[in-house]
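The analysis underlying the following values was restricted to heavy atoms, covering all of them including side chains, and did not include hydrogens, waters or symmetry mates.
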Amino acid sequence: MDDMYDPSGRDWPHDPDGEEGSEGGRQYGMAVLSKKVDEEEDFPLQKDAFVEEYGDDPVRINYEKVVSVEEVFEHVEPEEFETKVEFWKKVGDGMRAGDLWEFQPSA
């Protein structure tokens, strides 16, 4: 994994490309966040509680950019999510608003 690069200079609580961060394979954005929520147990989900628990964890945006969960959620509204579907829609909207998602739908 020496070819993986993180220019952020942050001292992450775990390697975003290591076993704890990526389960053996490099994961990006929503895939990283997906591991942190359980549809049956976590909803409704409070944004502040989620950020308090996972805020320092790294999220790889692309091959060269890593940000914290907290940085992602600076752009996410509302403060509570009733369902996992609502959570994903709002996180996607926030990532696009914060220029943290390279794909921009045309529709």
Exercise for the section: Determine whether E77 and D93 make a side-chain contact, defined as any pair of heavy atoms from C-beta on separated by less than 4.5 Å. Expected result: no
Handout entry: Heavy-atom check, side chain of F73 versus side chain of L33, under 4.5 Å
Key = yes
Problem - Polar side chain donor-acceptor pair, E71 to S68, under 3.5 angstrom - result: yes
Handout entry: Atom of E86, atom of P78 and distance for their closest heavy-atom approach
Key = OE2-CG, 4.0 Å
Exercise for the section: Using a strict cut-off of less than 4.0 Å between a Lys/Arg side-chain nitrogen and an Asp/Glu carboxylate oxygen, indicate whether K84 and D42 qualify as a salt bridge. Expected result: no
Handout entry: Heavy-atom closest contact (V76 atom, G94 atom, distance)
Key = CG2-CA, 4.1 Å
Practice task
Would you check if V85 and K89 make a side-chain contact, meaning some heavy-atom pair closer than 4.5 Å?
Solution key: yes
Fill in the blank from the handout: Between the CD atom in E79 and the CD atom in Q46, the distance rounded to the nearest 0.5 Å is 8.5 Å
Practice task
Find out whether V69 and E53 are in side-chain contact, i.e. whether some heavy atom of one side chain is under 4.5 Å from a heavy atom of the other.
Solution key: no
Handout entry: Heavy-atom side-chain contact between I61 and W101 under 4.5 Å
Key = no
Handout entry: Neighbour count above 12 (heavy atom, 6.0 Å) for E80 CD
Key = yes
Completion exercise
Which of F43, F87, W88 passes ring pair (Phe, Tyr, Trp, His ring centres under 6.0 Å) with F81? Answer is F87
Problem - Side-chain heavy atoms of V72 within contact of L100, under 4.5 Å - result: yes
Completion exercise
Rounding to 0.5 Å, atoms CG (L45) and NZ (K36) come to a distance of 12.5 Å
